[in-house]
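This report concerns only the one structure given below.
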Amino acid sequence: MQSWSDTAVPSVPGQGPPLRLFDTADRQVRPVTPGRTATMYVCGITPYDATHLGHAATYLTFDLVNRLWRDAGHEVHYVQNVTDVDDPLFERAARDGEDWVVLGMRETALFREDMEALRVIPPRDYIGAVESVNEVVELVEKFLASGAAYIVDDAEFPDVYFRTSATEQFGYESGYDRETMEKFFAERGGDPERPGKEDPLDALVWRAARPGEPSWPAPFGQGRPGWHIECSAIALNRIGSGFDVQGGGSDLIFPHHEYSAAHAESVTGDRRFARHYVHTGMIGLDGEKMSKSRGNLVFVSKLRGGGVDPAAIRLGLLSGHYRQDRPWTEQVLAEAHTRLKLWKDAAALESAQSATDTIARLRQHLADDLDTPKALDALDGWARRALDHGGSDTNAPSDFAAAVDALLGISLH
Ligand code: 5CA
Ligand code: ZN
């Protein structure tokens with residue numbers, strides 16, 4: 001698939017400490033240690049509706065990771081998928097009397113526009129489920145050959161399931177006990193009641209063709225991919241096993257990332273699919289998680305359409321810590337507008353006090369598990385001092401603006 005347009009990233013003199021991030025699997029903040037090329041896979045949207053602020057917050061978080069790596073001199077191979085074949089897409093298309101392919105294309109196009117407006121650096125590979133069906137078929141063939149998967153005994157719908165017992169380490173990513181796994185599996189797209197499964201937690205990897213559903217040919221029968229295997233296949237074939245960061249919202253910790261990892265590990269024999277599993281908190285509205293199924297959504301495109309500056313949306317979402325569940329409110333947006341004005345006024349000064357120490361603090365806070373609240377505080381402090389007391393460094397305002405642009409993705413011009 002076509003990705004979106006790149007955004008310019010200025011280079012900023014100096015260097016920060018190495019990035020440390022919280023790893024869900026190890027339940028601690030520890031250093032990310034990429035090679036020359038850092039590798040990241042972030043789970044993309046299911047395009048049956050527009051991008052809401054929860055999605056945006058998640059992609060902005062991983063955009064910071066991307067920017068910090070670039071700032072440290074790494075190349076970044078960033079991969080993102082689009083789940084353009086899935087039940088919610090068919091259901092919405094049927095409800096609205098629309099072709100599911102057209103619906104997916106339209107919402108994906110809107111997502112690209114939103115990402116561009118928010119100045120998110122595009123992935124190098126932006127890959128749809130439809131275009132990766134062959135990769136899924138190859139993976140399922142390997143599972144069947146090794147015994148990692150089985151076909152249910154159902155002549156009409158011979159679906160293929162992955163054995164939860166296929167890898168020894170299953171469960172390490174979420175660290176959840178069986179009871180918690182069963183709860184989330186049932187709530188988040190799993191099918192524990194499906195007759196013929198060996199274990200209620202076994203995960204669907206290939207769904208045999210049903211009337212009225214799209215399907216593709218495969219040696220083990222016409223059908224379509226399951227969900228978790230899509231991300232295993234797309235990541236494995238582009239950045240390989242042992243990539244640096246697997247990212248997504250906390251709602252993907254289980255089952256999605258547990259099974260994506262287990263699927264891949266069952267063919268590679270490696271014990272860890274990703275070196276870091278990084279999860280963002282949920283953005284809420286009116287006391288509940290913002291979600292398409294609940295319908296309590298604030299869309300990026302709607303705000304943009306109403307004339308809200310995307311930089312203020314970006315700042316508002318970054319004003320809380322990425323791992324914290326947090327609400328989107330009018331006040332968050334109002335404070336972001338105030339902050340943006342403060343920073344712009346300071347960046348427009350002819351001269352100010354040096355920005356070198358502040359830029360060093362910005363890098364330190366971001367490297368410390370993306371501590372944006374502290375980073376933003378440090379920048380506020382510099383901007384207020386510059387406006388109140390001035391200074392003689394004529395480069396300082398532009399140094400400040402370049403750092404805010406490169407590291408936070410916010411242009412002050
Ligand atoms: N296509 C799958 C991933 S392969 C999917 O989960 N799509 S999604 O459209 O439902 O979500 C896209 C991304 O936004 C996921 O990383 C998800 O964890 C994240 N997300 C969804 N809702 C929220 C929310 N309220 N706050 C923060 N992130 C969210
Ligand atoms: Zn995914």
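Order of listing sets the numbers, starting from 1, for every ligand and every atom in it. When reading the values below, keep in mind they use all heavy atoms of this one structure, side chains included, and skip hydrogens, waters and symmetry mates.
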Any ion pair linking [Y] and [X] (charged N to carboxylate O, less than 4.0 Å)?
| X | Y | answer |
| --- | --- | --- |
| Arg188 | Asp251 | no |
| Asp159 | Arg210 | yes |
| Arg323 | Asp369 | yes |

Verify salt bridge (charged side-chain N to carboxylate O under 4.0 Å, His left out) between Lys142 and Glu138, making sure each step is shown before the conclusion.
CA-CA 6 Å; Lys142 287 187 186 163; Glu138 270 177 35; 5.3 Å; no

Does ligand 1 come near enough to [X] that some N or O of the ligand is less than 3.5 Å from an N or O of the residue?
| X | result |
| --- | --- |
| Leu252 | no |
| Gly248 | no |
| Asp251 | yes |
| Gly54 | yes |

Would you please test Thr372 and Ser319 for side-chain contact (heavy atoms from CB on, under 4.5 Å) and show each step?
CA-CA 6 Å; Thr372 52; Ser319 66; over 6 Å; no

For ligand 1, is there an atom lying under 4.0 Å from some heavy atom of [X]?
| X | result |
| --- | --- |
| His279 | no |
| Gly284 | no |
| Ala57 | no |
| His256 | yes |

For atom CZ of Arg361, decide whether the heavy atoms of other residues, nucleotides or ligands shown that lie under 6.0 angstrom number more than 12.
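Atom CZ in Arg361 is not crowded, with 12 or fewer foreign heavy atoms closer than 6.0 Å.
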
Thr58, Thr46, Thr83: member with heavy atom nearest to atom 28 (N) of ligand 1:
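Ranked by closest heavy atom to atom 28 (N) of ligand 1, first place is Thr58.
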
For atom 26 (N) of ligand 1, which of Ile283, Leu60, Asp86 has the closest heavy atom?
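Checking each option, the heavy atom nearest atom 26 (N) of ligand 1 is found in Ile283.
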
Point-to-point distance, once rounded to the nearest 0.5 Å, from CG of Asp345 to CG of Leu340:
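One finds 9.5 Å between CG of Asp345 and CG of Leu340.
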
Decide side-chain contact (heavy atoms from CB on, under 4.5 Å) for Thr280 and Phe62; before the verdict, give the C-alpha distance in whole Å, the side-chain angles of both, and the deciding distance to 0.1 Å.
CA-CA 9 Å; Thr280 57; Phe62 294 100; 3.8 Å; yes

Residues Ser411, Asp405; criterion side-chain hydrogen bond (donor to acceptor under 3.5 Å, both in side chains); working and verdict
CA-CA 5 Å; Ser411 167; Asp405 186 348; 5.0 Å; no

Can you list the atoms of ligand 1 that are under 4.0 Å from a heavy atom of Gly249?
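Counting from 1, the qualifying ligand atoms are 16 (O), 17 (C), 18 (O).
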
Show me which atoms of ligand 1 lie under 4.0 Å from any heavy atom of Gly281.
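Per the distance check, 26 (N), 27 (C).
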
Under 2.8 Å from the Zn ion (ligand 2), is there an N/O/S atom belonging to Cys231?
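Checking the Zn ion (ligand 2) against Cys231, an N, O or S atom does fall under 2.8 Å.
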
Of the backbone and side-chain N, O or S atoms of His257, does one lie nearer to the Zn ion (ligand 2) than 2.8 Å?
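No, His257 does not qualify, because none of its backbone or side-chain N, O or S atoms lies under 2.8 Å.
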
